[in-house]
Each structure stands twice: as C-alpha cells, then as structure tokens.
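Structure, as structure tokens:
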Amino acid sequence: MPNTRALHKRPEPEHVAIIMDGNGRWATRRGLPRLAGHKRGVERVREVVQACPDLGVTHLTLYAFSTENWKRSSAEVNGLMRLFRWYIRKESAKLVEAGVRLRFIGMRERLSKDLQVMMTQIEELTAENDKLSLTVAIDYGGRDEILRGMKRMVEARDAGDFDIADLDEASFGTFLDTDGLPDPDLVLRTSGEVRISNYLLWQAAYAEYEFLDICWPDFTGEVLADCIANYGQRDRRFGAVAG
Ligand code: IPE
Ligand code: IPE
Ligand code: MG
C-alpha cells in the first residue's frame, strides 16, 4: 500500500483539539458551585483562541458538551446551555474582528431551538473568516458522529449521489461533521484524566496526545505554547520508519 501520508515535519500543529475538562473540580476545590467553574472555563476560551494564530495553529477544536453530558443534573445542563448562549452573544463581534470562523459539530437537534438558531447565525456571520478556524463540539460524541455519517452515506447512495465503490477514508470523511477540516495533529486534555471520552474517534486516529494535570480554568496561552513546544519534539512516523 502506498504511503500517502507524508511524514509530518512541521514543528507546530496545524490543528489542536482540546478536551476542556476539570471545571467542576476546579470550582469544588475552591468551595464554589460547579457552574462557577464552567463560567471560568468559558472565559478561558478567549485567551486560547487569541493565542493560536501566533503559535501557528490554524484550526482549534474544543469539546464543550458530550453526548454523555446529558446524564448530569438538569441544573448543570441548563447552566451550561446558558453559558453557550452567553459565549455566542458576547464573543460574536470579537470573533468577526479577529477573523475567526466558528463552526459547531455534534447532533444539534436535542439543543433548544433558540440556541440552534444562534449557532447557525454565528456560523453564517463568520463563514468568510480565515485567520483561525474554531470548531466547538456540542452534544458531540465520536461514535454518534460516525453513525450519523454512515446514515448520510447510505442516504446519498440511495439518492444515487454516492457509489459504494468510491468508499474510502477520504470519501467517508466527507459525511462526518468535520468535513473540510484537517485531522487534529495534537489532542490535549486537562484535569488529569487519561481518556478520550468519545472525542474525535475517527479524526484523531493518528494524533499526538498530551494529558495535563491542571484543570481547564487554569489553562492559559502560555500552557498552550508549552504543549506546542512539546509537540515539536515528537517524531510522527505514521507507521513508517524514521528517516
Ligand atoms: C468539563 O468539566 C466541562 C464539561 C464536561 C461540560 P467537568 O464538568 O467535567 O469538570 P470535572 O471533570 O467534573 O471536574
Ligand atoms: C469530556 O469530559 C467532555 C467534555 C470536556 C465536554 P467529561 O468530564 O464529560 O468526561 P468523563 O466523564 O471524565 O469521561
Ligand atoms: Mg469532567
């Protein structure tokens, strides 16, 4: 089989994906309600977004709410949804000004209608921006995304728009929520947990991983810069032998 993926020698990752974990613990350790940790976590996003272009990162994907997070109390889920609305409202002008394109991946239909409308509006508002592509995963699960992708593929085949003979990794990728995005080069997780919790299962098959002991509300642009420097030391072989 030909090696179609060139050995990755770019010192900085083009696409960084982050599992923003540990908001609850950050708050609990300070005697605060969990939602105070989520609020601080959302506030952290701006600094990280701002840091990306100077660090050579052109794509940033953030895990904000998983398909499993509905298991939490309705007070926490509703609080998170309020924070997502607050973020979109507060940041939209700044994202436009900074040239950030914002997109969402995930199921969408289970979110409230007004939030869905806000998400679509900001996607349209920022669609032409090209300084940084920011993707936020809400009601997202990697397994769910793959199943929805399979359904889309079968529907396209039934409509005569897709021939199964053309199915390969690249063509299947076009049926996923991340169609058009490069695969993540580096996946970071805060909070000390060493698991991927259903994040970008297809896309991160060959990503580099770093697990950090700090909680997400303590993550800064400097921490991101350190992670990127560490990434620069990795030898990405993609199964080949280093030259
Ligand atoms: C991450 O922080 C945010 C979401 C999952 C929505 P957590 O809320 O999971 O915080 P911990 O892991 O309980 O500390
Ligand atoms: C993963 O964190 C999801 C997000 C960061 C949005 P969780 O806290 O939900 O994951 P588990 O429960 O530790 O696997
Ligand atoms: Mg957690």
Side-chain angles (χ1 to χ4, degrees), residues 15-49 52 59-88 90-91 102-112 115-116 118-119 134-148 176-178 181 184 186-205 207-220 223-224 227:
H15 185 173
V16 175
I18 308 182
I19 303 172
M20 308 185 291
D21 194 22
N23 293 347
R25 275 164 281 179
W26 182 91
T28 305
R29 282 175 201 150
R30 285 161 179 78
L32 299 167
R34 290 178 58 85
L35 272 170
H38 292 314
K39 176 135 195 295
R40 189 60 77 91
V42 173
E43 286 166 1
R44 275 286 160 213
V45 169
R46 184 191 295 170
E47 180 181 337
V48 174
V49 166
C52 282
H59 294 77
L60 176 68
T61 299
L62 301 174
Y63 205 1
F65 192 89
S66 75
T67 47
E68 287 73 32
N69 286 148
W70 295 105
K71 293 174 193 162
R72 298 185 180 197
S73 73
S74 58
E76 181 163 350
V77 169
N78 291 339
L80 282 163
M81 297 299 157
R82 273 199 303 279
L83 282 171
F84 299 150
R85 288 189 192 89
W86 179 72
Y87 177 81
I88 295 174
K90 185 172 68 76
E91 290 302 296
L102 176 57
R103 270 175 283 202
F104 296 94
I105 54 172
M107 216 184 290
R108 290 203 196 206
E109 303 84 76
R110 300 195 292 192
L111 303 173
S112 72
L115 179 56
Q116 290 184 42
M118 290 175 79
M119 288 161 67
L134 170 63
T135 304
V136 177
I138 297 184
D139 200 6
Y140 176 85
R143 287 185 170 187
D144 173 69
E145 183 196 25
I146 291 168
L147 288 178
R148 285 186 292 106
L176 296 174
D177 295 351
T178 50
L181 296 176
L186 175 63
V187 177
L188 306 175
R189 181 175 189 145
T190 54
S191 89
E193 308 295 354
V194 185
R195 55 175 168 261
I196 57 173
S197 302
N198 205 7
Y199 195 39
L200 300 174
L201 298 182
W202 174 272
Q203 298 85 345
E208 298 293 322
Y209 284 81
E210 184 164 349
F211 297 93
L212 300 141
D213 280 328
I214 56 166
C215 289
W216 174 251
D218 291 328
F219 192 94
T220 61
V223 177
L224 179 63
C227 294

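If you're wondering where the values come from, they're calculated on a predicted model, not measured in any experiment. We count ligands from 1, going down the list as the structure has it; atoms in each ligand are counted the same way.
Between the Mg ion (ligand 3) and Glu193 there is no N/O/S contact shorter than 2.8 Å.
At least one donor-acceptor pair under 3.5 Å links the side chain of Asn198 to the backbone N or O of Gly142. For the pair Gln116 (side chain) and Leu111 (backbone), a donor-acceptor distance under 3.5 Å is present. Formation of a donor-acceptor pair under 3.5 Å by the Trp216 side chain with backbone atoms of Gly41 is found in this model.
Nearest to atom 13 (O) of ligand 2 among the protein's heavy atoms is Arg195 NH2, 2.9 Å. In this structure, atom 10 (O) of ligand 1 lies nearest to the protein heavy atom Gly24 N, 2.9 Å. Annotation: atom 14 (O) of ligand 2 to nearest protein heavy atom, Ser197 OG, 2.6 Å. What sits closest to atom 8 (O) of ligand 2 on the protein, heavy atoms only, is Asp21 OD1, 3.1 Å.
If you look at Ala137 next to ligand 2, there are no close heavy atoms at all, none under 4.0 Å. Here Tyr199 has no heavy atoms under 4.0 Å from ligand 2, in either its backbone or its side chain. By the criterion of a heavy-atom distance under 4.0 Å, the backbone of Ala64, and not its side chain, is placed next to ligand 1. Under 4.0 angstrom from ligand 1, the non-hydrogen atoms of Arg72 all belong to its side chain. The part of Met20 lying near ligand 2 is the backbone, judged by heavy-atom distances below 4.0 Å. Of the heavy atoms in Arg189, only side-chain atoms (C-beta onward) come closer than 4.0 Å to ligand 2. Only side-chain heavy atoms of Asn69 come within less than 4.0 Å of ligand 1; its backbone N, CA, C and O stay farther off.
The side-chain heavy atoms of Val42 and Trp86, taken from C-beta on, include a pair separated by under 4.5 Å. Taking the side chain as every heavy atom from C-beta outward, Phe65 and Leu83 never approach each other to under 4.5 Å.
The shortest heavy-atom distance from Glu193 to ligand 1 is not under 4.0 Å. Not a single heavy atom of Ser191 lies less than 4.0 angstrom from ligand 1.
We find the CD-CG distance between Glu193 and Asp21 to be 6.0 Å, quoted to the nearest 0.5 Å.
Atoms of ligand 1 found under 4.0 Å from any heavy atom of Arg34, numbered from 1 in the order shown, are 7 (P), 8 (O), 10 (O), 13 (O). Those atoms of ligand 1 with a heavy atom of Arg25 less than 4.0 angstrom away are 11 (P), 12 (O), 14 (O). Remark: ligand 2 atoms within the under-4.0 Å shell around heavy atoms of Phe65 are 6 (C).
Defined by atom type and a distance below 3.5 Å, a donor-acceptor pair is missing between the side-chain atoms of His15 and Gln203. No hydrogens or angles considered: a donor-acceptor pair under 3.5 Å links the side chains of Asp218 and Trp26. Checking Ser112 against Arg85 by side-chain atom types alone, a donor-acceptor pair falls below 3.5 Å. At a cut-off of 3.5 Å, with distance as the only test, no side-chain donor of Thr135 or His59 sits close to an acceptor on the other residue.
Restricting Asp21 to its N, O or S atoms, the one at the least distance from the Mg ion (ligand 3) is OD1.
Relative ring orientation between Tyr199 and Tyr63 is described as parallel, the plane-to-plane angle staying below 30° on a 0-90° scale split at 30° and 60°.
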